[in-house]
2 protein chains.
Amino acid sequence: METKITAGVEEYLEALFHLEEENRAVQTKALAEHLKLKPASVTEMVKRLTAQKLVTHTPYKGVYLTERGRTAAAALVRRHRLSERFLADMLDVPWDELHDEACKFEHVISDKVERKLSEALGNPATCPHGNPIPEADGTVAADTAEPLVGMSARSKGRITRITNEEPEFLQYLANLGLMPDVMVEIEEVAPFGGPIIVKARGAKYALGRQVAQHIFVKPSAS
Amino acid sequence: METKITAGVEEYLEALFHLEEENRAVQTKALAEHLKLKPASVTEMVKRLTAQKLVTHTPYKGVYLTERGRTAAAALVRRHRLSERFLADMLDVPWDELHDEACKFEHVISDKVERKLSEALGNPATCPHGNPIPEADGTVAADTAEPLVGMSARSKGRITRITNEEPEFLQYLANLGLMPDVMVEIEEVAPFGGPIIVKARGAKYALGRQVAQHIFVKPSAS
DNA sequence: TATTGTTATTAGGTATACCTAACTATACCA
DNA sequence: TGGTATAGTTAGGTATACCTAATAACAATA
Ligand SMILES: [Mn+2]
Ligand SMILES: [Mn+2]
Ligand SMILES: [Mn+2]
Ligand SMILES: [Mn+2]
């Protein structure tokens with residue numbers, strides 16, 4: 001019952017890291033949904049993670065990574081995003097398949113291979129979806145981009161980051177041409193939770209809030 | 001109880017494939033030694049493999065891969081050796097560490113990634129230790145090389161293949177400069193299981209039979 | 001404050017894949 | 001042909017990590 005971080009444990013840490021990135025309350029139930037497991041299973045694993053001092057848990061409040069946990073999670077996310085870069089840059093694996101493939105690679109990369117991989121890729125700062133690759137020491141670069149969903153009409157910017165990497169979602173965005181480095185302008189924000197109309201590459205698209213929430217944009221002077 | 005080939009199962013298939021390559025009798029005990037497990041564990045797993053029609057087992061005789069088993073094993077060895085090539089060619093991981101790292105990668109490579117990887121590497125025919133990479137259809141190229149241990153004095157050839165990939169063994173050979181593509185000449189074969197004296201790169205080395213058994217040489221006209 | 005829907009936990013199972021210790025079967029030699 | 005070393009199996013355990021069904025705890029509201 002030592003520091004034995006198995007693939008199973010790693011998936012929980014990864015999920016917690018991602019949910020924290022979106023500052024969502026990470027209750028047992030949310031974790032279970034994210035990991036596609038049953039709440040009972042999560043209760044059990046959270047107990048183990050707590051015993052290993054990787055998380056703290058206050059029922060009905062949330063599960064929180066400890067320092068130790070966050071460090072381990074950052075290392076894992078680093079390996080995940082480096083794997084995505086490898087798969088995209090060296091193997092030309094399609095955009096929407098990167099995440100799931102990387103989710104397997106992340107568990108088999110040793111420290112040494114991680115260093116060599118990062119080097120071979122030119123020490124990239126982000127994954128192919130624009131999400132930051134944590135440094136080897138666990139620090140994550142601050143991000144000044146903001147979600148499309150919070151921007152006001154008429155503002156412009158460059159897409160830097162997509163924070164939902166589910167295949168169907170990425171396919172949808174790829175079809176619209178909404179991916180990192182593309183310039184967008186907010187045409188209109190419909191009231192009462194209505195769509196956000198954006199202009200990109202000369203075309204206009206009406207995006208639901210759910211979608212706009214996961215598209216981050218670096219605003220440019222208007 | 002279907003075709004669920006887990007990482008555990010894969011390790012057994014891999015071991016069987018390697019032991020068959022050396023045409024060694026693959027008894028429960030040999031398998032246990034090779035996998036660093038206890039015989040009781042092997043008995044149990046062999047039962048499962050038999051149920052899945054991946055092997056047949058005759059006690060005191062040996063465990064044999066079925067067609068199905070051999071195909072699965074060849075696919076695994078293909079992924080293993082492609083992984084080694086990736087780690088060596090693209091990441092510059094040292095010779096003696098390739099095998100153990102690849103042993104983890106082999107279990108997380110999908111068919112699609114395998115294809116892309118092979119392509120990106122230029123469809124290599126062998127791993128960095130000279131061992132053949134099975135084709136995608138499971139066939140393995142015939143090898144005309146023979147082990148140093150069976151060669152007679154005065155014969156010459158080029159090393160093509162090292163069939164023991166344990167780190168200490170590879171370090172030993174690397175120190176002597178005995179690796180694929182190096183020319184060697186048998187100086188003398190000492191009787192009664194004594195050493196084999198070889199000349200390589202101008203130096204002479206006395207190799208034990210255990211060592212010579214794992215060095216394969218393609219004879220050249222003397 | 002009592003009700004109710006949500007969230008979480010417990011109890012009891014399953015499956016994989018290891019282990020040790022005790023026992024059995026076999027091969028092979030004398 | 002019997003004895004013995006070697007090989008193999010069985011029985012009973014452990015640990016991880018899932019599950020369902022039943023139950024408990026809580027938050028928020030009526
Ligand atoms: Mn993952
Ligand atoms: Mn990504
Ligand atoms: Mn392996
Ligand atoms: Mn190799």
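Keep in mind it's a predicted model, so treat the numbers as computed, not measured. Labels below follow one simple rule: chain letters A, B, ... track the order of the sequence lines, proteins then strands, and each chain is numbered from 1.
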### Query
What string of B, S and - do you get for nucleotides 22-30 of chain C, 5' to 3', if B is base contact, S is sugar-phosphate-only contact and - is no contact with any protein heavy atom under 4.0 Å?
---BS----
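- Residues forming a ring-ring contact (aromatic ring centres under 6.0 Å, His included) with Tyr64(B) (at least two apart in sequence, or on another chain): none.
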Between the protein and nucleotides 10-14 of chain C, list the N/O to N/O atom pairs that are separated by less than 3.5 angstrom.
residue: dT10(C); atom: OP2; partner: Lys47(A); partner atom: NZ; Å: 3.0

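- Contacts of Tyr172(A) classified as ring-ring contact (aromatic ring centres under 6.0 Å, His included), with partners at least two apart in sequence or in another chain: none.
- Under the side chain to side chain donor-acceptor pair (under 3.5 Å) test applied with Arg79(A), the options Glu14(A), Glu84(A), Glu10(A) reduce to a single match, Glu10(A).
- Residue pairs meeting the salt bridge (charged side-chain N to carboxylate O under 4.0 Å, His left out) criterion with at least one partner in residues 127-151 of chain A, sequence neighbours excluded, are Asp143(A)-Arg161(A).
- Under the rule for a side-chain contact (heavy atoms from CB on, under 4.5 Å), the partners of Pro59(A) that lie at least two apart in sequence or sit in another chain are His57(A).
- Screening residues 68-106 of chain B for ring-ring contact (aromatic ring centres under 6.0 Å, His included), with sequence neighbours left out, gives Phe86(A)-Phe86(B), Phe105(A)-Phe105(B), His80(B)-His99(B), Trp95(B)-His129(B).
- The ring-ring contact (aromatic ring centres under 6.0 Å, His included) test applied to His214(B) returns Phe169(B), not counting sequence neighbours.
- Thr160(B) is linked by a side-chain contact (heavy atoms from CB on, under 4.5 Å) to Ala145(B), Arg158(B), Phe216(B), Lys218(B), counting only residues two or more places apart in sequence or in another chain.
- For His107(A) and dA17(D), the NE2 to P distance is 11 Å, given to the nearest whole Å.
- Rounded to a whole Å, the CD atom of Glu11(A) is 18 Å from the P atom of dT16(D).
- Phosphate proximity of dT9(C) to His57(A): present, with a side-chain N or O under 4.0 Å from OP1 or OP2.
- Of the candidate nucleotides dT16(C), dC19(D), dC19(C), dT16(C) has the atom lying nearest to any side-chain atom of Arg48(B).
- Rounded to whole angstrom, the span from the CD atom of Gln27(A) across to the P atom of dC26(D) amounts to 14 Å.
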Less than 3.5 Å apart, which donor and acceptor atoms pair up between the side chains of residues 27-41 of chain B and the rest of the protein, not counting sequence neighbours?
residue: Gln27(B); atom: NE2; partner: Tyr60(B); partner atom: O; Å: 3.3

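- For the side-chain contact (heavy atoms from CB on, under 4.5 Å) test, no residue two or more places apart in sequence or in another chain qualifies with Ala125(A).
- With 3.5 Å as the limit, one finds no donor-acceptor pair spanning the side chains of Asn131(A) and Glu21(A).
- The distance from atom CG of Leu13(B) to atom P of dA17(C) is 11 Å, rounded to the nearest whole Å.
- The stretch residues 28-37 of chain B touches DNA chain D through Thr28(B), Lys29(B), each having a heavy atom within less than 4.0 Å of the strand.
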